[in-house]
Q: 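I have a structure I would like to understand better, so I am pasting it below and will then ask my questions one at a time.
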Amino acid sequence: MSEAPLLIAGLGNPGQSYARNRHNVGFMAIDVIHESYEFGPWRRRFEGIVSEGTLARRKTWLLKPATYMNESGRSVGAAARFFKLPPESIVVMHDEIDLAAGKLRMKAGGGDAGHNGLRSITSVLGPSYRRVRIGVGHPGEKDRVHGHVLQNFSGADEEWLVPLLSAIAKAAPFLARDDDAGFMNKVAVTLNPPPKKPPPEKKEQDGI
């Protein structure tokens, strides 16, 4: 585990009108982590809001950029420079249209796949930071993507969204341990726990 603090940035657009958009699922994940552990109050800093706490005994900062999605790199970059963080100490949580709704993937580095928030961050930090990709599904046609991600989650979406965000929060300490495979496994087990084994049958004692 790195001695540097961990920075977990959730991506989204600030303002109540965007709060339940699919594009804001990164903000939503950060909020559930904030509620699930002992983090301090949100404070304005790094062109966003930040909260300090601890995950797996590692100092952790949660960040929600207030720059709007397309300029996320200004906020994430400012925090990364201030804390002198290497790429492996930065985790970005974001919506992913190339994953089916409710699916989750973890990766380090790679391309931006047309995601404007990632493109902005990569332009500032390079591509090597870690990403938690939260699937929101694809509308099927390229010209419908913008409207799709800026629509609110539906009531049907809540059936998978709430358990997934809760599982992400429960698995968050693995991110602090730099154990991305452990993070993914914990999310999977939380969402699909193994069946409980039936208790062993009691053998009747032979009569005397």
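All values derive from a computational prediction rather than experimental measurement.
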Q: Of all heavy-atom pairs between N13 and F27, which one has the smallest distance, and what is that distance?
A: O-CE2, 3.6 Å
Q: So L164 and V25, do their side chains get closer than 4.5 Å, heavy atoms only?
A: no
Q: Heavy atoms only: give me the nearest A66-P14 pair and the separation to one decimal.
A: O-CG, 3.8 Å
Q: If hydrophobic clusters are built from ILVMFWY residues whose side chains come within less than 4.5 Å, do L63 and W42 share one?
A: no
Q: Search all heavy atoms of L55 against all heavy atoms of F39 and return the closest pair with its distance.
A: CG-CZ, 4.1 Å
Q: Do F46 and W61 have side chains that approach each other closer than 4.5 Å (heavy atoms only, starting at C-beta)?
A: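 Not touching, per the 4.5 Å side-chain cut-off.
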Q: Mind listing the closest non-hydrogen atom pair of A169 and V32 along with its distance?
A: CB-CG1, 3.7 Å
Q: Quick check: do D180 and L175 have side-chain heavy atoms less than 4.5 Å from each other?
A: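 Touching, per the 4.5 Å side-chain cut-off.
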Q: Give me the atom names and distance for the closest heavy-atom approach of L104 to I134.
A: CD1-CG1, 3.6 Å
Q: Relative to F183, does R130 satisfy both conditions: NZ or CZ under 6.0 angstrom from the six-membered ring centre, and within 45 degrees of the ring's axis?
A: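 No; the conditions do not both hold, so R130 does not lie above the ring face of F183.
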Q: What are the two closest heavy atoms between K107 and G109, and how far apart are they?
A: CE-O, 3.0 Å
Q: Taking the side chain as everything from C-beta on, heavy atoms only, tell me whether L125 gets closer than 4.5 Å to P87.
A: no
Q: To the nearest 0.5 Å, tell me how far R20 CZ sits from L161 CG.
A: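 Nearest 0.5 Å value for the CZ-CG distance: 6.0 Å.
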Q: Using the ring centroid of each side chain, check whether H146 and H23 are separated by less than 6.0 Å.
A: no
Q: How many angstroms lie between atom CZ of R177 and atom CZ of R57, to the nearest 0.5 angstrom?
A: 8.5 Å
Q: Parallel, tilted or perpendicular: which describes the rings of F153 and W160, with under 30° parallel and over 60° perpendicular?
A: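 Correct class here is perpendicular.
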Q: Return a table of donor-acceptor pairs under 3.5 angstrom between the side chains of residues 184-193 and protein atoms on other chains or two or more places apart.
A:
from	atom 1	to	atom 2	distance (Å)
T190	OG1	K186	O	2.7

Q: Does a side-chain heavy-atom distance below 4.5 Å link V76 with V124?
A: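 In short, these two side chains do not touch, never coming nearer than 4.5 Å.
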Q: Tell me which one of R22, R133, H115 satisfies side chain to side chain donor-acceptor pair (under 3.5 Å) with D95.
A: H115
